[in-house]
2 protein chains.
Amino acid sequence: MVGTVTYRSVKSTDTGRTPDEIVLTPAARRILDVASALFYAHGITAVGVDTIAAESGVTKRTLYDRFGSKDALVASCLAERNRLWWARLEARLAELDGERVLATFDCYLDTRDIGRGCAFLNAAAELPREHPAHALARGHKRAVRERIGELLALDHPDLEGRDDLAEHLFLLLEGAVSQRGLDDDDRRMRTARDLAASLLPSGRPASTQG
Amino acid sequence: MVGTVTYRSVKSTDTGRTPDEIVLTPAARRILDVASALFYAHGITAVGVDTIAAESGVTKRTLYDRFGSKDALVASCLAERNRLWWARLEARLAELDGERVLATFDCYLDTRDIGRGCAFLNAAAELPREHPAHALARGHKRAVRERIGELLALDHPDLEGRDDLAEHLFLLLEGAVSQRGLDDDDRRMRTARDLAASLLPSGRPASTQG
DNA sequence: ACCATGCTATACAGATCTGTGAAGTCGGGG
DNA sequence: CCCCGACTTCACAGATCTGTATAGCATGGT
């Protein structure tokens, strides 16, 4: 397609905040996207590699040549989701000035389709701790927690009890995130955002989004 | 064992707060306990009925005679967990006077083995919305949210903005609950409890458990 | 011209999945 | 005495699971 492209297969399980973009073969790209959607929609264990290959318009041989195993594919899917998640947050943060912590809430709110809640929580819920994807999920949430701390530090450098507040905000966020998968609507997430806003120094109780 | 026992098989999917105790045949009891533990430990889809039957010292025939299908067994397991959860909370509440909302946090804190986090969240994360167990998980969380509201109303009848506070506490609780499955320790749950305590009218910032 | 790479096609191994069918054992209650 | 209910044993159906083996086609870089 672009002539002279050196493809790299996906092997790394990066948990960090700004993972490198990974160049995939066209088939691998399709497999990754299809698998990601299917895993999210039906659960990881419930979806077989035959289905993924078929839906991707690819043979099973190709799938295994590119990803090595189903477990590795699962990990790649979550790593890709992680990449996209951070890209979206950081993009939103870039065009924002005050009170940036709330962007983490808004990030979830502007997703049209709630679907089945948080893919990272779902994966961790289903998979054993030893599974590489479980580590990715843990890393993702840890990074989110850390970023909240950083954003709070940036916006309120001299705030007393800032660490407690960061943890508080994280708990509100994750409470809303985890329940959103059950509720199938955004009311709780909006409430959480409002509650979070009311905790901030500048904060009046309400004011939904910008 | 007790002579003349009329066994009832488990069919109902009660989501309520105080479900009836259900009388099971000895084999059914064993199946339910074993299945519950295995589903929790390894995930629902990942555990087959053959394994459950074998571990219960029971034939697959018996399993299907008692529960009808794997899906029904899954639902029964979650219903039983729901029953036990409420029994534990209400027992704790009975021997308590002031600030009863915090008992919901303590309920999680006195569980020795964290294991894989919240069985209800895990089940909902793995199963499709249509699955009967998914409805049970939703019902469970909804009931918890309601109970928090009730307890807050009992302890602070004249509090202003009580509904917001109830939601706030619920979000803190669920944030901690969902993360506990990833963290594999109770620090976050304790922090959540402290933060919750600090939000209460009586509340000074700290004071861990009684 | 040669060869590596990306991908296809097909077939298969071997295990495991949910669920059923048929026949039989054992104990207690009417 | 007879029957019901709980449970066993064993076999099987039919699908689906992850993963591999063998063989071949097409393209593009060197």
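Naming: A, B, ... by sequence-line order, numbering from 1 per chain.
Evaluation of the salt bridge (charged side-chain N to carboxylate O under 4.0 Å, His left out) rule for A/R162 yields no partner, not counting sequence neighbours. With sequence neighbours left out, the side-chain hydrogen bond (donor to acceptor under 3.5 Å, both in side chains) criterion links A/T59 to A/T62. Listed by chain and residue number, A/H131 satisfy the side-chain hydrogen bond (donor to acceptor under 3.5 Å, both in side chains) test with A/D71 (two or more places apart in sequence, or in another chain). Residues passing the ring-ring contact (aromatic ring centres under 6.0 Å, His included) test with A/H168 are B/H168, sequence neighbours excluded. Not counting sequence neighbours, the partners of B/A166 by the side chain to side chain contact (heavy atoms under 4.5 Å, CB included) test are B/R145, B/I148, B/L152. Taking the side-chain hydrogen bond (donor to acceptor under 3.5 Å, both in side chains) definition, one finds that A/R116 meets it with nothing, sequence neighbours left out. Checked against side-chain hydrogen bond (donor to acceptor under 3.5 Å, both in side chains), A/Q179 has the following partners two or more places apart in sequence or in another chain: B/E174.
Taking 4.0 angstrom as the limit, A/T62 places none of its side-chain polar atoms (N or O) nearer than this to OP1 or OP2 of C/dG6. Applying the 4.0 Å criterion to OP1 and OP2 of D/dC7, one finds that B/T25 has a side-chain N or O inside that range.
Note: CG (B/L73) to P (C/dG19) measures 10 Å, nearest angstrom. At whole-Å resolution of the value, CZ in B/R66 and P in C/dT18 are 19 Å apart. Atom CG of B/D65 is separated from atom P of C/dT18 by 17 Å (rounded to the nearest Å). Rounded to whole angstrom, the span from the CD1 atom of A/I31 across to the C1' atom of C/dC7 amounts to 10 Å. In this structure, A/L63 places its CG atom 13 Å from C1' of D/dT20, rounding to the nearest Å. In this structure, CZ of B/F67 is placed 16 Å from P of C/dT20, rounded to the nearest angstrom. Rounded to an integer number of Å, the gap from B/K70 NZ to D/dA15 C1' is 15 Å.
Relative to the side chain of B/V58, the nucleotides C/dT8, D/dT8, D/dT18 differ in distance, and D/dT8 lies closest. Closest to the B/A27 side chain, of the nucleotides D/dT18, D/dC7, C/dT18, is D/dC7.
Of the possible donor and acceptor atoms, none in the side chain of A/S36 sits under 3.5 Å from a partner among the backbone N and O of A/D33. Side chain of B/Y108 to main chain of B/I114: no donor-acceptor pair is present (N/O by atom type, distance under 3.5 Å, no hydrogens or angles).
Contacts classified as salt bridge (charged side-chain N to carboxylate O under 4.0 Å, His left out) and involving residues 35-47 of chain B (residues at least two apart or in different chains) are not found.
Residues from residues 41-52 of chain A lying near DNA chain C, meaning a heavy-atom separation below 4.0 Å, are absent.
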Filtered N/O pairs between nucleotides 10-13 of chain C and protein, under 3.5 Å:
none

Between side-chain atoms of residues 41-55 of chain B and protein atoms elsewhere (two or more places apart, or another chain), which donor-acceptor pairs fall under 3.5 Å?
{"residue": "B/T45", "atom": "OG1", "partner": "B/E126", "partner atom": "OE2", "Å": "2.7"}
{"residue": "B/D50", "atom": "OD1", "partner": "B/K60", "partner atom": "NZ", "Å": "3.4"}

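Comparing the end axes of the helix from C/dA1-D/dT30 to C/dG30-D/dC1, each fitted to five base pairs by superposing C1' atoms of four pairs onto the next four, gives an inter-axis angle of 0° (nearest 10 degrees).
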